[in-house]
Amino acid sequence: MARAAGARGRARWCGRRGRCGRGALLAFAAWTAGWVLAAALLLRAHPGVLSERCTDEKSRRILAALCQDYRGGALAGDLCEDLCVAGKLLFQRCLHYDRGKKVLQADWRGRPVVLKSREEAFSSFPPLSLLEEEAGEGGQDVPEAELLLMVAGEVKSALGLELSNSSLGPWWPGRRGPRWRGQLASLWALLQQEEYVYFSLLQDLSPHVLPVLGSCGHFYAVEFLAAGSPHHRALFPLDRAPGAPGGGQAKAISDIALSFLDMVNHFDSDFSHRLHLCDIKPENFAIRSDFTVVAIDVDMAFFEPKMREILEQNCTGDEDCNFFDCFSRCDLRVNKCGAQRINNNLQVICDKIFRHWFSAPLKSSAVSFQLQLQLQEAVQECADPGVPSGNTRKAAPSVFWKLRRLLQATLRELQEAEK
């Protein structure tokens, strides 16, 4: 009897099993989707949570592996001899690791530099197919026309721009020689790093980006400049600002603000397409001794054609159309984000940089209260345009010129006070 009751119970459970199983699967799927969404939001807000720990020991091992590949002929570059043979490019310390990207400080012939790569190992980059196909000695038989076509295609993929063959000079591997295969393989690894492509293109066109000093394999070197930080009271290290403690810092901040405006105007107007900065924060900029602002991290910089491609995504609301600091709006009729960015570089710089400096009075009695108040109001207008139509959040061109005029007036008052 008991066995029969048990069998009937099992039969009833088995009869419901399909329904219970489907319900459990649906519940599990919903639970998993919730955690995936939470993890995605966490990573977007705090991308460093999965970053590796930055250690000098591991950094030395990475460079040792790079030199081993160099000695084996797998890679090449104009800095390889100094790094791997002559000892003139010396590792100093690990700066940071971020989602695979490695950033190291080194000393090159007495000059502080930064070595960067998107990946740790040279083998992490997909090889150039032409090198795989060609059996010629040292890759000497690679057809130049095909190579030019592939380089142009990779540059277009990185920049979203069609460049003429005459513009590809910064990425041409140079003369064919004993290390030609290593040169091509290294070039290909570098071209797959968008920041390297941007720096190489813009280094002769803009004082506001870092020039590429050289490379070895997949690592490239740029000038070392102390990055900004929210931990600095003035966002950037201004300890050596000339002049009196208050007036010196106020003058430095005004000079830096004017350089930011110059950079905004330069990126908006001086290239064939507008250059959008989608990750504006102090850490991505540095200042030279003359207070020129330099973009030292352009992983999230995009020319207009690529910006439109990134923004034009499916959506169910405006929040789906925010790509870091670059915003669009959702057209609910077609559930598609607009390709046009609705804010701009100036608005974000006013919001994230200028507000920190000008929301309170400058630490200098040399600047009149009326001028400081006008500057605060102009920064507020720039950071929060508050257009009633809601179709745009761009800071207007008139605000740009107002800020420029007020900052120049601030510098004049500070200079008068020094006399």
Side-chain angles (χ1 to χ4, degrees), residues 51-52 54-85 88-106 108 113-132 138-139 142 147 150-151 153-155 157-159 168 170-174 177-201 203 209-224 296-301:
S51 296
E52 304 170 68
C54 183
T55 68
D56 291 350
E57 182 184 356
K58 180 168 184 180
S59 299
R60 287 192 177 93
R61 288 202 303 269
I62 291 170
L63 294 181
L66 179 73
C67 287
Q68 186 175 350
D69 285 342
Y70 169 66
R71 286 188 284 270
L75 56 83
D78 51 2
L79 294 181
C80 289
E81 279 290 307
D82 280 358
L83 176 65
C84 304
V85 180
K88 294 179 179 177
L89 178 55
L90 301 170
F91 170 79
Q92 297 290 304
R93 63 189 177 109
C94 181
L95 292 177
H96 69 265
Y97 298 161
D98 184 13
R99 291 165 288 175
K101 186 176 182 179
K102 303 294 182 284
V103 184
L104 319 175
Q105 186 177 342
W108 182 39
V113 298
V114 175
L115 298 174
K116 289 186 168 190
S117 176
R118 195 188 70 196
E119 302 287 352
E120 174 180 324
F122 187 65
S123 57
S124 299
F125 294 92
L128 177 61
S129 58
L130 281 178
L131 285 180
E132 300 296 305
V142 174
L147 179 61
M150 294 193 75
V151 169
E154 199 65 22
V155 170
S157 174
L159 301 177
L168 298 176
W171 306 292
W172 197 246
R179 290 191 173 272
W180 175 250
R181 176 178 283 272
Q183 284 178 269
L184 286 184
S186 300
L187 170 68
W188 197 243
L190 291 169
L191 286 176
Q192 291 171 64
Q193 303 181 62
E194 292 182 359
E195 183 177 71
Y196 169 81
V197 178
Y198 272 97
F199 281 155
S200 302
L201 175 69
Q203 61 185 353
V209 296
L210 290 172
V212 175
L213 303 176
S215 63
C216 179
H218 56 304
F219 273 87
Y220 56 97
V222 294
E223 178 183 4
F224 173 80
I296 60 174
D297 188 327
V298 294
D299 282 330
M300 299 291 285

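When a residue number appears, it is its place in the shown sequence, counting from 1. The analysis underlying the following values was restricted to heavy atoms, covering all of them including side chains, and did not include hydrogens, waters or symmetry mates.
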_Test item: Gln203 side-chain N/O and Val212 main-chain N/O as donor-acceptor pair under 3.5 Å_ = yes
*Asp78 CG to Gln183 CD distance, which is reported to the nearest 0.5 Å*: 9.5 Å
*Kindly say whether Cys94 contributes a backbone atom to a donor-acceptor pair with the side chain of Asp56 at under 3.5 angstrom?*
yes
*Calculate, to the nearest 0.5 Å, the distance between atoms CG and CH2 belonging to Leu90 and Trp108 respectively.*
12.5 Å
_Is there a side-chain contact (heavy atoms from CB on, under 4.5 Å) between Leu201 and Val209? Walk through the geometry before answering._
CA-CA 10 Å; Leu201 175 69; Val209 296; over 6 Å; no
*Whether Tyr220 and Phe199 hold their rings parallel, tilted or perpendicular, with breakpoints at 30° and 60°*: perpendicular
*Hey, what do you get for CG (Leu104) to CZ (Arg60), rounding to the nearest 0.5 Å?*
10.5 Å
*Measure the CG-CG distance between Leu128 and Leu187 for me, rounded to the nearest 0.5 Å.*
8.0 Å
*asked:* In the structure I gave you, are the side-chain heavy atoms of Val114 and Leu210 within less than 4.5 Å of one another anywhere?
replied: no
*Would you call Lys58 and Glu52 a salt bridge, taking side-chain N to carboxylate O under 4.0 Å as the test?*
yes
*Just how far is it from atom OG of Ser200 to atom CD of Glu195, taken to the nearest 0.5 Å?*
10.0 Å
*Is there side-chain contact between Leu75 and Cys80, with heavy atoms separated by less than 4.5 Å?*
yes
*Shortest non-hydrogen separation from Ala185 to Ala74 and the atoms involved*: CB-O, 3.8 Å
*Show the numbers, then the answer: is there a disulfide (SG to SG under 2.5 Å) between Cys216 and Cys84?*
CA-CA 10 Å; Cys216 179; Cys84 304; 4.6 Å; no
*When rounded to the nearest 0.5 angstrom, what distance separates CG in Leu63 from NZ in Lys102?*
11.5 Å
*May I ask you to test the Val222-Val113 pair for a side-chain heavy-atom distance under 4.5 Å?*
no
*Looking only at side chains, do Tyr97 and Ser59 share a donor and an acceptor under 3.5 Å apart?*
yes
*Could you go step by step and tell me if Lys101 and Glu119 meet the salt bridge (charged side-chain N to carboxylate O under 4.0 Å, His left out) rule?*
CA-CA 5 Å; Lys101 186 176 182 179; Glu119 302 287 352; over 6 Å; no
*asked:* Side chains of Leu83 and Leu66, heavy atoms from C-beta outward: is any pair under 4.5 Å?
replied: yes
*Apply the ring pair (Phe, Tyr, Trp, His ring centres under 6.0 Å) test between His218 and each candidate in Trp188, Tyr196, Phe122, Tyr70; give the one that qualifies.*
Phe122
*Are the side chains of Asp299 and Glu194 in touch, meaning some heavy atoms are under 4.5 Å apart?*
no
*Residue pair Gln105 / Phe224: nearest heavy atoms and the distance that separates them*: OE1-CE1, 3.6 Å
*Does the Ser186 side chain pair with the main chain of Gly77, one donor and one acceptor, at a distance under 3.5 Å?*
no
_Salt bridge or not between Asp98 and Arg118? Use side-chain N to carboxylate O under 4.0 Å._
no
